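Scroll down for the structure; my scribbles are underneath it.
Hydrogens, waters and symmetry mates are skipped; everything else that's a heavy atom, side chains included, is used. Computed from a predicted model, the values in this text were never measured in an experiment.
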Amino acid sequence: MGTLFVVSTPIGNLEDITLRALRVLKEAGLIAAEDTRHTKKLLAHYGIGTPLTSYHEHNEREKAKELVDRLKNGVDIALVSDAGTPGISDPGYRLIHLAIENSVQVVSIPGPSALMAALSVSGLPLDEFTFKGFAPSGEARRAFFLAMKGTGRTYAFYESPNRLVDTLKDMVALMEDADVSIAREMTKLHEEVIRGKAEEVYRSLTGREIRGEVVVILHAREEKIKEADMASEIESLLKEGFRLNDVVKAVAKESGAPRAQVYKEALRVQEALKGEGK
Ligand code: SAM
């Protein structure tokens, strides 16, 4: 049996690779890479000549089977993505899962991840945090933030530069005083971290052309709604156009009241609004 090595690679600066990662990439029989052209540059920089094969989101299913067959025939395989840690919002899951199912040993070669790098310099509380992958777009994005509002927790997500300002706009509409840290182009020439209240960060980025790669970290202020204020909170969220279920989830979280009770109240408020023709 070969071993499947899950190898983290740099997120920009080629110096950010561990000695162990270099040795494993050199000694493996095959490197499965998200984009072989991209990984070739890394390998060329370090004089590594290991053969490459592509493993990406469009061929994951068939390729995972093929690679597990190679592992079962004794070939050691190193899995890499374009940048950072494979499997973290990147291809990897199917191969790793199938390898485990087939009793292949799976070994982590830890190293960079944009997520961890952004969290580590955010200055926000990190005893626990929730990683949300890529932020959704459109209507789903408002519900995404509504679920965070009032929780007193830290969240991290990936975002594309051209959607960042619109995303912040939706965040500000619900949580203008959330503490935000935006890490852009980490480990690269134009690296920057923009920190502040959601409202300030939004204002400072509006009208600016944002380029490169971005991770957003935010800490939602803890808010407790008193039961007496529940109806007015429900009313204002419904008037803003949020779906009943999303409102119920958020208000139950913020008030600590049982979801069934909030649901009943929300139906009552919804009916009353209909009666007023709103
Ligand atoms: N698996 C990768 C990891 O562990 O870093 C993440 C892959 S995900 C497809 C790519 C996203 O990671 C980008 O859209 C961006 O949000 C973030 N990212 C990657 N490199 C970055 C960098 N140097 N600076 C800031 N964000 C980065």
Going only through I, L, V, M, F, W and Y residues with side-chain contacts under 4.5 Å, is there a path from [X] to [Y]?
X: Met175; Y: Leu164; result: yes
X: Leu67; Y: Leu52; result: no
X: Val6; Y: Leu30; result: yes
X: Leu218; Y: Ile210; result: yes

Straight-line distance of [X] [atom1] to [Y] [atom2], nearest 0.5 Å:
X: Tyr93; Y: Leu98; atom1: OH; atom2: CG; value: 10.0 Å
X: Ile31; Y: Ser54; atom1: CD1; atom2: OG; value: 13.0 Å
X: Arg184; Y: Glu159; atom1: CZ; atom2: CD; value: 14.0 Å
X: Ile17; Y: Glu15; atom1: CD1; atom2: CD; value: 11.5 Å
X: Lys274; Y: Leu238; atom1: NZ; atom2: CG; value: 10.0 Å
X: Leu71; Y: Asn102; atom1: CG; atom2: CG; value: 9.0 Å

Next on the checklist: If the test is ring-ring contact (aromatic ring centres under 6.0 Å, His included), which one of Phe134, Phe144, Phe129 qualifies with Phe157?
Outcome noted: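 One option only clears the test, and that one is Phe144.
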Do [X] and [Y] have side chains that approach each other closer than 4.5 Å (heavy atoms only, starting at C-beta)?
X: Val24; Y: Val107; result: no
X: Arg61; Y: Lys65; result: no
X: Val121; Y: Arg195; result: yes
X: Glu235; Y: Leu273; result: yes
X: Thr130; Y: Thr151; result: no
X: Thr187; Y: Pro10; result: no
X: Leu267; Y: Leu244; result: yes
X: Val180; Y: Met171; result: yes

Treating [X] as the side-chain partner and [Y] as the backbone partner, does any N or O pair qualify as donor plus acceptor under 3.5 Å?
X: Thr39; Y: Thr36; result: no
X: Ser255; Y: Glu227; result: no
X: Glu176; Y: Ala198; result: no
X: Thr85; Y: Pro112; result: yes
X: Asp179; Y: Leu124; result: no
X: Lys249; Y: Ala147; result: no

Measure across [X] and [Y] and return the closest heavy-atom pair with its distance rounded to 0.1 Å.
X: Met230; Y: Ala257; answer: SD-CB, 4.0 Å
X: Thr9; Y: Ser81; answer: OG1-O, 3.5 Å
X: Ala220; Y: Ala178; answer: CA-CB, 4.5 Å
X: Gly138; Y: Asp170; answer: O-OD2, 4.5 Å
X: Thr18; Y: Pro110; answer: CG2-O, 3.7 Å
X: Val104; Y: Gly2; answer: CG1-O, 3.6 Å

Sort and list the pairs that fulfil salt bridge (charged side-chain N to carboxylate O under 4.0 Å, His left out) and have at least one residue in [range], not counting sequence neighbours.
range: residues 68-89; answer: none
range: residues 19-28; answer: Arg23-Glu27
range: residues 104-128; answer: Glu128-Arg153

Checklist entry - Given the rule in the side-chain contact (heavy atoms from CB on, under 4.5 Å) test, do Leu174 and Phe242 qualify, once you have shown the distances and angles that lead to the verdict? => result CA-CA 11 Å; Leu174 285 165; Phe242 285 105; 3.8 Å; yes
Checklist entry - With sequence neighbours left out, what residues match Lys188 under salt bridge (charged side-chain N to carboxylate O under 4.0 Å, His left out)? => result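 Applying salt bridge (charged side-chain N to carboxylate O under 4.0 Å, His left out) to Lys188 gives Glu185, Glu213.
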Item to check | Partner set under salt bridge (charged side-chain N to carboxylate O under 4.0 Å, His left out) for Glu139, not counting sequence neighbours | outcome: Arg142
Heavy atoms of other groups near [X] [atom1], more than 12 under 6.0 Å:
X: Lys226; atom1: NZ; answer: no
X: Tyr263; atom1: OH; answer: no
X: Arg208; atom1: CZ; answer: yes

Next on the checklist: Please determine whether side-chain contact (heavy atoms from CB on, under 4.5 Å) holds for the pair Val215 and Met186, giving the CA-CA distance in whole Å, both sets of side-chain angles, and the decisive distance to 0.1 Å.
Outcome noted: CA-CA 9 Å; Val215 183; Met186 278 177 300; 4.1 Å; yes
If you measure from the Lys or Arg side-chain nitrogens to the Asp or Glu carboxylate oxygens, is any gap between [X] and [Y] under 4.0 Å?
X: Lys149; Y: Glu240; answer: no
X: Arg163; Y: Asp166; answer: no
X: Arg268; Y: Glu271; answer: no

Next on the checklist: Evaluate Tyr55 against Glu60 for side-chain hydrogen bond (donor to acceptor under 3.5 Å, both in side chains), listing each step before the verdict.
Outcome noted: CA-CA 6 Å; Tyr55 172 83; Glu60 262 194 294; 2.9 Å; yes
Checklist entry - How would you list all residue pairs meeting ring pair (Phe, Tyr, Trp, His ring centres under 6.0 Å) that involve residues 179-236, not counting sequence neighbours? => result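 Output for this query is empty, none listed.
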Checklist entry - Please walk me through it: do Glu101 and Val68 pass side-chain contact (heavy atoms from CB on, under 4.5 Å)? => result CA-CA 10 Å; Glu101 264 186 358; Val68 167; over 6 Å; no
Checklist entry - Only one of Val106, Ile109, Leu95 clears side chain to side chain contact (heavy atoms under 4.5 Å, CB included) with Leu79; which? => result Leu95
Next on the checklist: Among Leu115, Val214, Val216, exactly one meets side chain to side chain contact (heavy atoms under 4.5 Å, CB included) together with Tyr158. Which residue is that?
Outcome noted: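 Of all the options given, the one that passes is Leu115.
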Checklist entry - Is a side-chain donor-acceptor pair under 3.5 Å present for Lys169 with Thr206? => result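 Absent: no donor and acceptor within the cut-off.
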Item to check | Full working for salt bridge (Lys or Arg N to Asp or Glu O under 4.0 Å) between Glu66 and Lys63 | outcome: CA-CA 5 Å; Glu66 190 187 313; Lys63 199 70 189 206; 3.7 Å; yes
Item to check | Evaluation steps, side-chain contact (heavy atoms from CB on, under 4.5 Å), between Leu25 and Val80 | outcome: CA-CA 9 Å; Leu25 290 173; Val80 300; 3.9 Å; yes
